[in-house]
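Notes follow once the structure below has been shown.
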There are 2 protein chains.
Amino acid sequence: MEPVRDLARTRDRILKAALAEFAAHGLAGARCNAIARRARVNHRMLFYCFGSKENLYREILRRKFTERTALFERRDDDLAGTILRWYEAVAGDQDWVRLLEWEALSTAPAQKLVGERERRSYISEALEALRRSQANGGIPRDLNLAQLHLSIIALAVFPLAFPQMTRLATGLSPTSARFRRQRLRFLRSVSARLQMKSPERSRSGAVREKPRTALAKTGSRRLSNPIRTMRAEVAE
Amino acid sequence: MEPVRDLARTRDRILKAALAEFAAHGLAGARCNAIARRARVNHRMLFYCFGSKENLYREILRRKFTERTALFERRDDDLAGTILRWYEAVAGDQDWVRLLEWEALSTAPAQKLVGERERRSYISEALEALRRSQANGGIPRDLNLAQLHLSIIALAVFPLAFPQMTRLATGLSPTSARFRRQRLRFLRSVSARLQMKSPERSRSGAVREKPRTALAKTGSRRLSNPIRTMRAEVAE
DNA sequence: AATAGTATTAACTCGATGGTTAATACAAGG
DNA sequence: CCTTGTATTAACCATCGAGTTAATACTATT
């Protein structure tokens, strides 16, 4: 028999409900009441457990990001494998895509991201893997790897991040089995081509570029904490 | 001397301020007060001119969409031209990207889009152009054109739609001149490759197979399996 | 210059919402 | 049992924000 009082269970429920609510409506649009109702928990418990709506949001992000990056253990796929793996991973978790998207829209340019450390380290590993692949001839020399990485994610994420565009372009929902099949096939063709050597370029001198220095380190800015303003400064 | 009372001017000011505010915060996050302040206009005038916040929002979208699609007059570029043109168009108007993104996040799957008619007709024209290009041999036969169209937009839009990812991957802001140069060069390489004929593909049915089979085939080195979770989902 | 119509304003309403107070129910230890 | 600490609850509070009321100032028309 379940005990009547069980804080851990309550926390879990809240977290689950909050994930759904925040993915659906973002930080500003989410309603504490809605979360509480969804979790079948008293409204007050949100604040008892997490202090504030924003704290709860951050906790959700933190968890989601670590869960997700754990999925991308270092693995040396070829380019096609990497792209397909990203697509599968993304297509399987729309909440994640939406959280990234809310983040994109409501994060000020200089603001520190939730889980930034881990995310940076994940990316530098991914870039390292691409570099190895490039060294092995699996990726053409003239492709900028950071741009490539960004584009892999773009190809994987975009249809789910912009479902309305997907529907306009293809007539399908990005979550439908039919679309997924189509997309997988397309991504396979694309990656096969990306792996090919470049056709002769007219300007052969243009290829050389300054070697990619590692990611710019953002100084650890420890700004005093006033999270007072709900409305974050955002690109204006 | 400017007249003291000028409704047209007031409307314009409101529209301009509203565009900025809605692009920054979305419909739900935008504040009527903020719009009024930014427009240096009495709060009441929003409702006098547009009836409601949502009406105003719709008006903004309507205008922006028609303005934008006008930019994409029919023009038969080759693939590279199309991609680059999209990128330039997108990189030059971040508000537009953000409006699309807010729309993506807050539109229900079945909901009718603002300006849907024009957008559909634009897309079918774009697809038609791609088809012509494909007929001319400018685009390989095996590429699904709707998927290609979607991917062109993805490659153009993504860095601006997810600036935090861009910053993580490249260390640059997607609006910086440096990034834009890098991106242009990258997109040129990519489109050159997309125009190439496919490498001979083993026709042995791998395409219809489960992804892991196809994946294992593409690599030159030993590969591990992609993530398993293609949850069967009742289609459409 | 009186009138009428309209653009603009100050001041208000009223519901929603994040967060709090304080009471209560429960479980564990003595 | 009784006490003590804590999980849970109901009721409340303050603020914010979209939308309204109604008064006022300006302009054109006669």
Side-chain angles (χ1 to χ4, degrees), chain A residues 1-61 102 105-106 114 225-234 236, chain B residues 1-61 102 105-106:
Chain A
M1 177 60 184
E2 296 247 305
V4 180
R5 291 154 55 119
D6 182 343
L7 196 56
R9 188 193 51 183
T10 311
R11 278 180 63 97
D12 279 358
R13 281 183 171 178
I14 294 177
L15 285 169
K16 222 168 134 224
L19 171 60
E21 178 78 3
F22 284 130
H25 305 289
L27 169 58
R31 294 296 161 238
C32 290
N33 273 326
I35 296 175
R37 206 176 331 118
R38 215 175 201 145
R40 279 169 322 186
V41 145
N42 187 289
H43 170 73
R44 180 67 237 268
M45 294 310 286
L46 304 200
F47 303 93
Y48 187 71
C49 292
F50 298 96
S52 75
K53 186 190 184 186
E54 185 165 340
N55 268 4
L56 176 54
Y57 181 65
R58 295 251 272 266
E59 179 67 17
I60 295 288
L61 285 191
W102 289 116
L105 282 171
S106 48
V114 173
N225 187 29
I227 348 173
R228 277 305 67 200
T229 40
M230 259 335 249
R231 260 155 65 78
E233 287 296 329
V234 125
E236 304 237 355
Chain B
M1 177 60 183
E2 297 246 303
V4 181
R5 291 154 55 121
D6 182 342
L7 196 55
R9 187 192 53 182
T10 312
R11 278 181 63 98
D12 278 357
R13 280 184 171 179
I14 293 177
L15 284 169
K16 220 169 133 223
L19 171 60
E21 177 78 3
F22 284 130
H25 304 289
L27 169 57
R31 294 295 160 242
C32 290
N33 272 327
I35 296 176
R37 203 174 336 119
R38 215 194 288 244
R40 280 168 321 184
V41 144
N42 188 289
H43 170 192
R44 180 65 236 268
M45 294 309 286
L46 305 201
F47 304 94
Y48 187 71
C49 294
F50 298 96
S52 75
K53 185 189 184 187
E54 186 166 339
N55 269 3
L56 176 54
Y57 181 65
R58 295 249 273 269
E59 180 66 16
I60 295 288
L61 285 191
W102 289 115
L105 282 171
S106 49

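Note that the coordinates shown come from a computational prediction; the quantities given were computed from them, not determined experimentally. By convention in this document, chain letters (A, B, ...) are assigned in the order of the sequence lines, proteins followed by strands, and residues within each chain are numbered from 1.
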Under the side-chain hydrogen bond (donor to acceptor under 3.5 Å, both in side chains) test, residues paired with Arg37(B) that sit two or more places apart: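 In terms of side-chain hydrogen bond (donor to acceptor under 3.5 Å, both in side chains), with neighbours along the sequence ignored, Arg37(B) is linked to no residue.
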
Of Arg44(A) and Ala30(A), the one whose closest DNA chain C nucleotide lies more 5':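 Its nearest nucleotide lies further toward 5', so the answer is Ala30(A).
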
Whole-Å gap separating [atom2] ([N]) and [atom1] ([X]):
X        : N       : atom1 : atom2 : value
Arg9(A)  : dT6(D)  : CZ    : P     : 19 Å
Met45(B) : dG19(D) : CE    : C1'   : 15 Å
Tyr48(B) : dA10(C) : OH    : P     : 16 Å
Asp12(A) : dA7(D)  : CG    : P     : 14 Å
His43(A) : dG19(C) : NE2   : P     : 9 Å
Arg37(B) : dT8(C)  : CZ    : C1'   : 19 Å
Tyr57(A) : dG19(C) : OH    : C1'   : 20 Å
Ile35(B) : dG19(D) : CD1   : P     : 11 Å

Where the side chain of [X] is concerned, which of [options] is the nearest nucleotide?
X        : options                   : value
Asn42(A) : dG18(C), dA18(D), dA10(D) : dA10(D)
Phe47(B) : dT8(C), dT9(C), dT20(D)   : dT20(D)
Arg5(B)  : dT8(D), dC26(D), dA22(C)  : dC26(D)

4.5 Å side-chain heavy-atom contact, Leu27(A) and Trp102(A):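 Result no, sub-4.5 Å side-chain heavy-atom pair not found.
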
Tyr48(B) vs Leu7(B) side-chain heavy atoms within contact, under 4.5 Å: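 Contact flag for Tyr48(B)/Leu7(B) side chains = yes.
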
Side-chain N,O (Arg31(A)) to OP1/OP2 (dG18(C)) below 4.0 Å: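 Affirmative; the distance criterion is met.
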
Under-4.0 Å side-chain N/O to phosphate OP1/OP2 contact, Thr10(A) with dT8(D):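 Thr10(A) to dT8(D) OP1/OP2: side-chain N or O found under 4.0 Å.
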
Sugar-phosphate only, base, or nothing, as touched by Ala8(B) at under 4.0 Å among non-hydrogen atoms: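 Nothing, no heavy atom under 4.0 Å.
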
By side chain to side chain contact (heavy atoms under 4.5 Å, CB included) - contacts of Ala36(B) (at least two apart):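 Counting only residues at least two positions away or on another chain, Ala36(B) forms a side chain to side chain contact (heavy atoms under 4.5 Å, CB included) with His43(B).
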
Donor-acceptor under 3.5 Å (Glu21(B) side chain, Arg31(B) main chain):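 The answer is yes, because a donor-acceptor pair under 3.5 Å joins these two groups.
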
